[in-house]
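Just so it is clear, the structure is predicted and the values come from calculations on it, not from any experiment. In this chain, numbering begins with 1 at the start of the sequence shown.
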Amino acid sequence: MRKFRKKQKRLFTILKTLVIFSAVFIFIFIGAKPYIENASELAASVCSYTCDILAIAVIMTLFLYSSKYGKSDAFLKSVENELSDTGYYLTSRAEKDSITYVDAMFDDLKSCGYAMNSKIEINEFDFDFKANKSKEFFYCTSIENVDRNDVLAYIDAVIFDITVKNLKRKGDTVICFVTDKAENDAIALSKMITKLGKKEQIKIALAICELSSGRVYFLGNEKTKCQQLIANHVMNCDLPIKEQYIGKEKLPFQNELEEKMKSFNITDFKNGNFTAH
């Protein structure tokens with residue numbers, strides 16, 4: 001991934017330089033064109049052809065950059081966010097059991113004007129509550145032990161509820177798992193953001209709250225509405241998150257992800273044969 005990013009950065013630098021040089025050259029030529037034509041028609045023709053060549057070069061370089069790096073840029077940026085984030089955060093809530101913890105989040109969201117639905121079932125999966133306001137959605141479920149399969153299944157259920165039952169095409173969504181124990185394969189997905197739509201209008205973020213350790217696993221280093229929802233209502237703290245609530249270590253899954261990304265190549269990515277998780 002690093003080699004790929006270096007090549008991307010090099011081409012972007014070439015593109016930026018070419019755009020700036022072309023814009024300056026064309027601007028100067030437009031202003032000086034009458035004087036150049038009076039001095040030499042040949043020089044004016046050469047400058048005119050040069051402007052055309054520069055414009056074509058910019059278009060071709062932009063097309064090359066977009067076709068080779070455009071689709072992968074958002075994906076690589078999301079992976080880089082996962083790798084650069086701390087492994088976990090610490091909740092400021094005092095509640096130690098799932099019932100009182102869920103109730104505290106419920107009351108917070110209700111007091112903030114969210115429409116609340118308790119004890120709902122979506123595609124045979126139980127949720128303690130669902131909260132929504134405008135284009136913001138918050139789903140909460142309590143599971144004794146949460147693993148990778150649980151996370152993926154609940155994501156599918158939420159996608160169905162948002163896109164099929166509620167016909168939403170834009171929104172910020174949080175799925176919060178309140179659990180006694182989070183398995184490592186579930187934690188490995190905690191910083192994953194699911195994005196739907198051609199322009200990624202729907203974003204689904206995860207928050208795994210492990211009561212036994214007081215840890216909250218989520219992507220906390222990217223300023224988004226989902227980050228704000230998790231910090232305010234899961235951790236019960238304000239943004240920016242204070243140092244006392246930020247874990248000081250990376251977790252094994254981040255090292256594993258970094259190792260996997262070393263094999264990243266654009267061909268497999270475009271063919272759909274490369275995934276981060």
Side-chain angles (χ1 to χ4, degrees), residues 1-18 60-89 145-156 158-159 173-175 177 181-208 210 215-224 226-227 230 246-277:
M1 181 178 72
R2 290 179 180 177
K3 291 181 179 179
F4 183 82
R5 279 302 212 187
K6 285 181 180 179
K7 292 179 181 179
Q8 179 185 12
K9 186 177 180 180
R10 191 181 304 122
L11 183 57
F12 182 76
T13 301
I14 293 172
L15 174 61
K16 185 169 66 173
T17 303
L18 186 58
M60 291 181 64
T61 307
L62 180 61
F63 175 77
L64 176 63
Y65 182 85
S66 298
S67 61
K68 190 170 185 179
Y69 299 108
K71 291 182 179 180
S72 64
D73 189 58
F75 168 75
L76 292 176
K77 187 177 184 302
S78 67
V79 171
E80 288 166 347
N81 284 334
E82 291 187 46
L83 295 176
S84 62
D85 196 14
T86 187
Y88 60 90
Y89 294 82
N145 293 302
V146 61
D147 61 22
R148 178 186 177 91
N149 292 331
D150 293 322
V151 173
L152 296 177
Y154 275 89
I155 289 175
D156 286 342
V158 166
I159 290 174
T173 304
V174 169
I175 306 175
F177 297 89
K181 173 64 177 176
E183 302 297 336
N184 289 334
D185 56 0
I187 294 172
L189 299 178
S190 62
K191 298 184 184 298
M192 178 181 73
I193 305 296
T194 302
K195 299 177 181 179
L196 306 175
K198 290 183 178 180
K199 296 182 179 180
E200 300 180 344
Q201 303 97 317
I202 296 177
K203 297 180 178 64
I204 301 175
L206 304 172
I208 301 176
E210 187 179 60
R215 293 180 176 184
V216 180
Y217 303 97
F218 76 104
L219 183 66
N221 64 344
E222 186 180 13
K223 293 182 180 180
T224 63
C226 293
Q227 179 210 40
I230 295 169
I246 300 176
K248 305 301 181 185
E249 62 182 301
K250 302 285 185 180
L251 294 182
F253 79 88
Q254 291 171 298
N255 297 326
E256 293 169 5
L257 177 59
E258 185 171 16
E259 191 65 29
K260 181 178 181 180
M261 291 305 297
K262 290 179 180 179
S263 63
F264 174 83
N265 68 82
I266 192 64
T267 302
D268 287 345
F269 176 76
K270 286 185 175 181
N271 291 337
N273 297 325
F274 187 93
T275 56
H277 301 285

Output the distance between atom CD (Gln227) and atom CD1 (Ile193), rounded to the nearest 0.5 Å.
-> 10.0 Å
Identify whether the distance between the nearest side-chain nitrogen and carboxylate oxygen of Arg215 and Glu249 falls below 4.0 Å.
-> yes
Asn145 side, atom CG; Glu183 side, atom CD - distance, nearest 0.5 Å | 5.5 Å
Is the closest basic N to carboxylate O distance between Lys77 and Glu80 below 4.0 Å?
-> no
Can you tell me if Thr86 uses its side chain to pair, donor with acceptor, with the backbone of Gly247 under 3.5 Å?
-> yes
d(Glu258 CD, Ser84 OG) to nearest 0.5 Å is 10.5 Å
Might you point out which heavy atoms bring Ser190 and Ile208 nearest each other, and give the distance in Å?
-> CB-CD1, 4.1 Å
Atom NZ of Lys195 with >12 non-hydrogen neighbours under 6.0 angstrom = yes
If only atom types and distance count, is the side chain of Asp185 paired as donor or acceptor with the main-chain N or O of Arg148 below 3.5 Å?
-> yes
Rounded to the nearest 0.5 Å, what separation is found between the CG atom of Leu196 and the CD1 atom of Ile159?
-> 5.0 Å
Donor-acceptor contact present, side-chain Glu222 to main-chain Asp85, <3.5 Å = no
Grab the two heavy atoms, one from Tyr217 and one from Ala182, that are nearest each other, plus how far apart they are.
-> CE1-CB, 4.5 Å
I would like to know whether Phe253 and Ile187 meet side-chain contact (heavy atoms from CB on, under 4.5 Å); could you show each step before the answer?
-> CA-CA 8 Å; Phe253 79 88; Ile187 294 172; 3.7 Å; yes
ring-ring contact (aromatic ring centres under 6.0 Å, His included) between Tyr69 and Phe12, intermediate numbers included = CA-CA 10 Å; Tyr69 299 108; Phe12 182 76; over 10 Å; no
Heavy-atom count around Lys223 NZ within 6.0 Å, excluding the residue itself: above 12?
-> no
Take Leu206 and Leu219, measure what side-chain contact (heavy atoms from CB on, under 4.5 Å) needs, and give me the verdict at the end.
-> CA-CA 8 Å; Leu206 304 172; Leu219 183 66; over 6 Å; no
Verdict with supporting geometry, Ile230 and Tyr89, side-chain contact (heavy atoms from CB on, under 4.5 Å) | CA-CA 11 Å; Ile230 295 169; Tyr89 294 82; over 6 Å; no
Check the pair Glu210, Lys181 against side-chain contact (heavy atoms from CB on, under 4.5 Å), reporting the backbone distance first and the verdict last.
-> CA-CA 6 Å; Glu210 187 179 60; Lys181 173 64 177 176; 3.6 Å; yes
Point-to-point distance, once rounded to the nearest 0.5 Å, from NZ of Lys191 to NE2 of His277 = 10.5 Å
Without hydrogens or angle criteria, can the side chains of Asn265 and Asp268 be said to hold a donor-acceptor pair below 3.5 Å?
-> yes
Evaluate the ring planes of Phe75 and Phe274, with Trp represented by its six-membered ring, and classify them as parallel (under 30°), tilted (30 to 60°) or perpendicular (over 60°).
-> perpendicular
With no hydrogens and no angle check, is any side-chain donor or acceptor of Lys260 less than 3.5 Å from a backbone partner on Thr275?
-> yes
Nearest 0.5 Å please: distance from the OG1 atom of Thr173 over to the CD1 atom of Ile155.
-> 11.0 Å
Would you indicate whether the side-chain heavy atoms of Lys6 and Lys3 approach each other to under 4.5 Å?
-> no
Distance flag, aromatic centroids of Tyr88 and Phe218, threshold under 6.0 Å = no
Determine whether Ile202 and Ile204 make a side-chain contact, defined as any pair of heavy atoms from C-beta on separated by less than 4.5 Å.
-> yes
